[in-house]
Amino acid sequence: MLRRILLILGYLGLTALVIVATIGLVAYGQGYEYDVKSGRIIRTALVIIQSTPSSVPVTIDGRLLKKKTTYRASYKDGSYQFELTKPGYYPWHKTLAVEWPLVTMAQYAILVPRQPPLATLDTRPAIMAQSISRDHRHLAYVTGGSDGAIYTLDIPDGKPIKVYTPPKPAATDQPAETVTGVAWSDDASHLLVMSQLAGQPVHHLMAADGSGAIDLTQQYGFNFSGLTFSASNWQQLYWISPDGLRRLDVGAQAVSAVLADKVSQFQMAGDRVLYVQSSDAARTLWSLDGRGHKQELIPALPDSDAYAITYANYRGTDELAIVPTKTGVGTLYSDIYGSNPVAKVIARGVQGAQFSPDAHLLTFTASAAAVTYDLERSDLLGRLVSYQFSDVQDLRSLSWFDNFHVLMNRGGRLVWAEFDGANSLDLGAVASGFAPYATADQRSIVTIRPDGPVAEQVLQTTVKP
């Protein structure tokens, strides 16, 4: 009988132990653990730091740990100063805010070499304009002076190829045709060439290798100023004529009737065209799809002569950022094609906006300001989370390197920084009016930079060797 009682008590004890252990494991998994010093159960959140290069020693609040990246540990709510150092690289340091129940993941730590590998891809007497293809694998640039032409370059291993020379040299009765700009189709199969002849705009369309050039201006007889490739079909291009928004269909060799009147500006957004329709009463934002279906998105835009507009799709939701140049107020409109779009004012005193490649971050910029809105963290915490850059002066351009880093032309200097402005590095000179770009593999930066007083280089700087 005693043996039976002991056996039952043993089973009960084992069951209780399993229950306690299970509760403990669940609590630990949810961030609860026992603090020996205080004798209390506390909440903790996981911190993960990944780095390029990997296996870098980790320092926290000035204390060197025995652990290296990839680093994982749990911390109580609060702010902690982490640092990664490796000989031959600039140190990485970041204050990370830990907030239960979120995982604080810094998977973006890149230690940039103190002497990053440089490669000169081309040198020309003068470079007047540039265009990077959507996939960042091809660069086109316009040269000036006696070498006035268009060159293309496959990145990273291609050689410069001259694909276009103005067909009309100077004559006694008229000046030469001067190339002013170039743009890639979304699939990088074709180039649109903009030039000036006798003070009038001229537009040519040609294959990426320079073949099959068509003088669109001469063939169709329109002033195509502002002509832009459709995102889904290089044979369809849009522009604003004096009568309104029109489409040129090169495949069908036809120009559409007016698609919308009183259009002050437009731009491509995925497979649709977004355009601002202006009247004496209001400025309205509309969407036009490839089948000609129109949808009013914003019935009353703030009054302004022009708007910076950028579109992205974030986790299945259509997001639209708009900055009226007159007010400088950056607003994010979410679910713009849905029945209940939501508008949030994110920044003030700004002039432009850009989404990160995966659209989880949105940066608003001005010449002396930059602020990044975190869509992902804002959704998780249920409040607006944004990061203000410090010490921004003479910001001429900002482009995304990857989902967590930006490239800036700041006063003619190439500046690398994280999405919040942290770990900012000056990586050298860049030509005054040119934006830097990431290569397709997100390992290098392509810039146009001065090469002495009379020449310019196409330069590749490798930050992830």
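Numbers here are sequence positions counted from 1.
In this structure, Asp394 CG and Ser367 OG are separated by 7.5 Å, a value rounded to the nearest 0.5 Å. One finds the OG atom of Ser185 at 9.5 Å from the CG atom of Asn233 (value rounded to the nearest 0.5 Å).
Between Val202 and Glu177, some side-chain heavy-atom pair lies under the 4.5 Å cut-off. Put simply, the side chain of Trp239 reaches to within 4.5 Å of the side chain of Leu248, judged on heavy atoms.
When every heavy atom of Leu375 is checked against every heavy atom of Ala359, the shortest pair comes out as CD2-O, 3.7 Å. Summarising the geometry of Tyr75 relative to Val98, their closest heavy-atom pair is O-CG1, 3.7 Å, with the distance given to 0.1 Å. Nearest heavy-atom pair, His204 versus Ser195, reported as atom, atom and distance to 0.1 Å: ND1-OG, 4.4 Å. Counting all heavy atoms, side chain and backbone alike, Val406 lies closest to Glu418 at CG2-O, 4.0 Å. Closest of all the heavy-atom pairs between Tyr108 and Met105 is CE2-O, 3.9 Å. Here the shortest heavy-atom pairing between Ala213 and Met206 reads CA-CB, 3.7 Å.
Using bins of under 30°, 30° to 60° and over 60° for the plane-to-plane angle, the ring pair His138/Trp184 lands in the tilted bin.
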Stepwise ring-ring contact (aromatic ring centres under 6.0 Å, His included) check, Trp400 with His405
CA-CA 6 Å; Trp400 285 90; His405 296 84; 9.0 Å; no
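Side-chain N/O atoms of Thr180 and Gln196 include no donor and acceptor closer than 3.5 Å. Tyr373 and Lys344 are linked by a side-chain donor-acceptor pair at a separation below 3.5 angstrom, with hydrogens and angles left out of the test. A donor atom on one side chain and an acceptor atom on the other are not found under 3.5 Å apart for Thr363 and Gln354. Between the side chains of Ser432 and Arg396, a donor-acceptor pair is found at a separation under 3.5 Å.
Ion pairing between a basic and an acidic side chain is recognised when a charged N comes within 4.0 Å of a carboxylate O; Glu376 and Arg315 show such pairing. A salt bridge links Lys94 with Asp420: the closest approach of a Lys/Arg side-chain nitrogen to an acidic carboxylate oxygen falls below 4.0 angstrom. Under the 4.0 Å criterion applied to side-chain N and carboxylate O atoms, Arg291 and Asp289 are assigned as salt-bridge partners. Residues Asp122 and Arg124 are paired through a salt bridge, judged by an N-O separation under 4.0 Å between the basic side chain and the carboxylate. Between Arg134 and Asp187, no side-chain nitrogen of the basic residue sits less than 4.0 Å from a carboxylate oxygen of the acidic one, so the salt-bridge criterion is not met.
Other residues, nucleotides and ligands contribute only 12 or fewer heavy atoms inside 6.0 Å of the CZ atom of Arg137. For Asp379, the CG atom sits in a packed shell: over 12 heavy atoms of surrounding residues, nucleotides or ligands are nearer than 6.0 Å. Crowding of Lys67 atom NZ: a count of heavy atoms from other residues, nucleotides or ligands under 6.0 Å not exceeding 12.
Judged by the 6.0 Å distance and 45° axis criteria, Arg114 is positioned over the aromatic ring of Tyr90. Annotation: cation-pi pair Arg272/Tyr337 present, NZ/CZ under 6.0 Å from the ring centroid and within 45° of its normal.
Residues Phe404 and His360 bring their aromatic ring centres within 6.0 Å.
At distances below 3.5 Å, at least one donor-acceptor pair connects side-chain atoms of His203 with backbone N or O atoms of Phe224.
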